Amino acid sequence: MIQEELAGAVLEAIKRAQEEGAIPELPAPTITMEMPRNKEHGDYACNVALSLAGPAKTAPRKLAETILQFLPGGIGFLERVEIAGAGFLNFYLKPDWLQDTLFEIEENQGRFGCSQVHAGEKVLIEFVSANPTGPISVVNGRAAALGDVLGNLLAAVGYQVAREYYINDALNSHQLEMLGETLAARYLQQLGKDVPLPPESYKGEYVSEMAKKIVEREGNAYENVPDSELFPLFRKLATDEMISQQRGDLESFGVCYDNWQRESALYEDGEVTQAIETIRRQGYAYEKDDAIWLKASALGDKEDWVLVRSNGRETYVAADAAYHKNKFDRGFTLLINIWGADHHGYVARLKAAIAALGYDPARCEVILHQMIHLVREGESVVGSKREGNVIPLRELITEVGRDAARFTFLLSSADATATFDLDLVKQQTNENPVYYVQYAHARIASILKKAADNELVLKAAAKVKRSLLTHPRELDLLRKLADFPNEVQVAAENRAPHRLTHYSIELASVFHNFYTECRVIGEEVELTLARLALIRGAEQVLKNALGLLGVSAPESM
RNA sequence: GCGCUCGUAGCUCAGUUGGAUAGAGCGUCAGGUUGCGGACCUGAAGGCCGGGGGUUCGAGUCCCUUCGAGCGCGCCA
């Protein structure tokens, strides 16, 4: 990437200057190249003279001059370098280089923006993993969008990515027990029996609907089954049905998993017992009050936690330890878990468990996303699964569509408490920036179609006169296109999918600006062809950006 | 009480890991096209970046403190 080449050149200049004695000997500085927000400050700017001024005991501007003097010549794409402000080095690129990005886009097409920086690394992203006690909610939607797009981003920079959903279906789950009993009661009610709901029942409509389905399918087959058999049976029916509903909800949101990992399977395969055994062998387990404890306090957590209760049942901590051991043993070099911020207190516990198992906790990253603050008619909506008043993601998708929903979730960074005004999102769908971006894409498609109708034969970018693209708006557009690969890498490495929505909005904006000031299909044939090549490049990058976001790029709307 | 996260325009959110004059959308006001899609474009108003202190050439960003909001502190998951 061009930043790296420039940084290398600056570093070399500093070294040479030191050899000549023009700059005092100092440890090699890290060179950062940034894109100034003000265009007058060049295409790239370097602040090394400022940061070196202190240790070198030299005025920053003077230092910048020295560096400039020793800068190696023959950097093909560089037009000029200027010293500005307090001592910034501003690099201006030749327009040729910008124009050549069109060639690069055309060559790489859907792969433009991708790299192999992280080739050879295998990452497992686990996200959503909601209890199978209700449909996927709007709140889960944030994690879903986050995890899915992060997966796309990591794949784009070379990672081998697997997406996984962890199903909390353990035998000792009280919640699933309650769900099963609720379903059983609803079922019997359907058959006309006067049966009360269990004390901690799930009040959502979906349980009754499930019951209705069972009646339709199997009639009164379970009417006289005693509770001791009925409850476990309905618990399983309910769990399986919920899981398949959740899968459907997520698929209609465009999120597909490589694996749905059942917690119960970890018990059945003896992995939980094994994990506890491993922790014991490593010396991080002890017995107290008839229970087995994880010595988490010795591994960075504040207190110890029970792995096996005094009644012999394992806790979820034990299961999670087993699960993460299982993940590592499948060969993943990096584990990413996406959790709601309400689980933040659990991070240290999991890391301690991972360390106790003998793995490096740094290889497990937990991304916490803040809760979504749902507002409807000016009032806070507090969803409770138990009370059955959570807002299903499905409902949101039906009302605003997948594209708008995904885009909205990804506008804010994971650690911002986002407010989600349901009325606003539903009523003013046209004001969602996703349409602004999609409109740019559709506009381009329309121009290209018009060009075809005019029998203008599109030429490969390499064959048009790219040097004609010198209008400020054309250069702005080219600059934005050229920046895409860097943007993808930064977004991936910072685990920041939201950067991509903002990039796509900016790209759409520079395109609309260009469109307003520069007519594409005009009288000068060469210019027309060059601009057609330019907008084709823009179309491709918009498509790539939207593709990473899992949002469609329509030809017309 | 202890801990984690957050506080940026009227509202919803960005801010390139410490850079140059803090940005965008919505909303408000005023403008723009004899031609490629007006779901667009231009301009204006709107800010003590919660308050205070510190670190340094330089702070929305890092440290301390204070106020406010959310969340977490089980042999529940």
Side-chain angles (χ1 to χ4, degrees), chain A residues 32-38 40-41 45-47 49-51 53-54 59-60 84-88 90 131 133 168 170 172-176 263 288-293 302-303 305-311 313-317 319-320 340-348 368-371 373 408 411-413 415-421 424-425 428-433 435-436 438-440 442-451 453-454 483 486-487 490-491 493-494 496 498-499 501-502 505-506 508-509 511-513 515-522 528 531-532 535 556-557:
Chain A
T32 56
M33 279 292 161
E34 61 185 25
M35 295 183 65
R37 48 173 148 241
N38 188 338
E40 287 162 24
H41 297 147
C46 182
N47 62 359
L50 289 153
S51 57
F88 290 97
N90 291 343
N131 285 336
T133 51
N168 297 102
N172 45 21
S173 164
H174 178 68
Q175 296 169 44
L176 288 185
E263 183 182 359
K288 192 181 91 180
D289 304 332
D290 296 327
I292 299 174
W293 293 70
K302 276 180 306 184
E303 48 190 314
W305 302 97
V306 169
L307 287 170
V308 184
R309 302 182 182 96
S310 49
N311 66 9
R313 278 186 166 186
E314 294 87 348
T315 62
Y316 63 97
V317 183
D320 265 0
D342 51 340
H343 289 84
H344 69 79
Y346 184 52
V347 175
L368 297 171
H369 66 86
Q370 295 298 312
M371 304 281 80
H373 181 218
T408 307
L411 276 169
S412 55
S413 81
D415 49 26
T417 30
T419 302
F420 211 98
D421 189 323
L424 213 68
V425 178
Q428 310 183 328
T429 55
N430 276 346
E431 282 166 18
N432 190 310
Y435 300 105
Y436 179 78
Q438 289 181 322
Y439 181 64
R443 224 178 196 183
I444 293 171
S446 166
I447 300 169
L448 291 172
K449 186 171 173 300
K450 180 96 174 180
D453 292 346
N454 288 6
D483 188 38
N486 177 55
E487 194 57 42
V490 172
E493 290 177 347
N494 288 307
H498 73 281
R499 293 186 59 112
T501 50
H502 289 272
I505 291 168
E506 285 162 19
S509 172
F511 167 74
H512 287 308
N513 270 295
Y515 175 89
T516 308
E517 290 190 39
C518 303
R519 185 167 173 83
V520 177
I521 302 173
T528 297
R531 285 181 172 168
L532 284 171
I535 67 168
S556 66
M557 40 194 296

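Since the structure is predicted, the reported quantities are computational estimates derived from the model, not experimental observations. To find a chain, count down the sequence lines: A is the first, B the second, and so on, and within it residues start at 1.
Close to B:rC75, at under 4.0 Å from its OP1 or OP2, lies no side-chain N or O of A:Y316. Dashed line: the shortest gap from a side-chain N or O of A:R309 to OP1 or OP2 of B:rA77 is under 4.0 Å. Neither OP1 nor OP2 of B:rC4 sits under 4.0 Å from any side-chain N or O of A:H343. OP1 or OP2 of B:rG38 has at least one side-chain nitrogen or oxygen of A:R443 nearer than 4.0 Å. A close approach under 4.0 Å does not occur between any side-chain nitrogen or oxygen of A:S51 and OP1 or OP2 of B:rC57.
Nearest to the side chain of A:N513, among B:rA39, B:rA77, B:rU42, sits B:rU42. Distances from the side chain of A:Y439 to the nucleotides B:rG38, B:rA20, B:rG19 place B:rG38 closest. Distances from the side chain of A:M557 to the nucleotides B:rC36, B:rG37, B:rC40 place B:rG37 closest. For A:T417, the listed nucleotide lying nearest its side chain is B:rC6; candidates were B:rU17, B:rC41, B:rC6. Considering only the side chain of A:T516, B:rC40 comes nearest among B:rA20, B:rA77, B:rC40. Closest approach to the A:H344 side chain among B:rC41, B:rC4, B:rA39 is made by B:rC4 (side chain taken as heavy atoms from C-beta onward). Checking B:rA77, B:rG38, B:rU16 against the side-chain heavy atoms of A:T315 singles out B:rA77 as nearest. Among the nucleotides B:rC75, B:rA39, B:rC36, the one closest to any side-chain atom of A:Y435 is B:rA39. Among the nucleotides B:rA20, B:rG38, B:rC57, the one closest to the side chain of A:H41 is B:rA20. Of the candidates B:rA20, B:rC36, B:rC40, B:rA20 carries the atom nearest the A:N90 side chain, counting heavy atoms from C-beta on.
Taking 3.5 Å as the limit, the base of B:rC75 and the side chain of A:S310 contain a donor-acceptor pair of atoms between them. For a distance-only test at 3.5 Å, the side chain of A:N494 qualifies as a donor-acceptor partner of the base of B:rU17.
Mapped onto RNA chain B by nearest heavy atom, A:M33 and A:A508 fall at different nucleotides, with A:M33 at the one closer to the 5' end. Comparing A:Q175 and A:D342 by the nucleotide of RNA chain B that holds the closest heavy atom to each, the one mapping nearer the 5' end is A:D342.
Across all strands shown, B:rG1 forms a Watson-Crick or G-U wobble pair with B:rC73, both key distances being under 3.5 Å. Across all strands shown, B:rC6 forms a Watson-Crick or G-U wobble pair with B:rG68, both key distances being under 3.5 Å. If you check B:rC40 for Watson-Crick or wobble pairing at under 3.5 angstrom, you find it paired to B:rG32.
Of all heavy-atom pairs between A:I521 and A:I447, the closest is CD1-O, 3.8 Å.
Within the 4.5 Å cutoff, the side chain of A:D342 has heavy atoms near those of the A:M371 side chain. Proximity of A:R519 to A:E517: side-chain heavy atoms (C-beta onward) are nowhere separated by under 4.5 Å.
Between A:Y515 and A:F511, the angle of the ring planes lies from 30° to 60°, which puts this pair in the tilted group.
Residue A:I447 contributes atom CD1, which lies 9 Å from atom P of B:rG38 at whole-angstrom precision. Whole-Å rounding puts the A:E517 CD to B:rG32 P distance at 17 Å. For A:E506 and B:rG15, the CD to P distance is 11 Å, given to the nearest whole Å.
Using a 4.0 Å heavy-atom distance criterion, A:H498 is classed as a sugar-phosphate-only contact. Contacts of A:C518 with the nucleic acid, taken as non-hydrogen atoms under 4.0 Å apart, include base atoms. Contacts of A:A442 with the nucleic acid, taken as non-hydrogen atoms under 4.0 Å apart, include base atoms.
Base orientation of B:rU17: syn, since the glycosidic angle falls within 90° of 0.
There is a side-chain donor-acceptor pair under 3.5 Å between A:D320 and A:Y346. For the 3.5 Å distance criterion, the side chains of A:D289 and A:S310 fail to qualify, holding no donor opposite an acceptor.
B:rA20 has A:F88 stacked on its base ring, the centres lying under 5.5 angstrom apart and the planes within 30 degrees of parallel.
Between the CG atom in A:N131 and the CG atom in A:L176 there is a gap of 7.0 Å [rounded to 0.5 Å].
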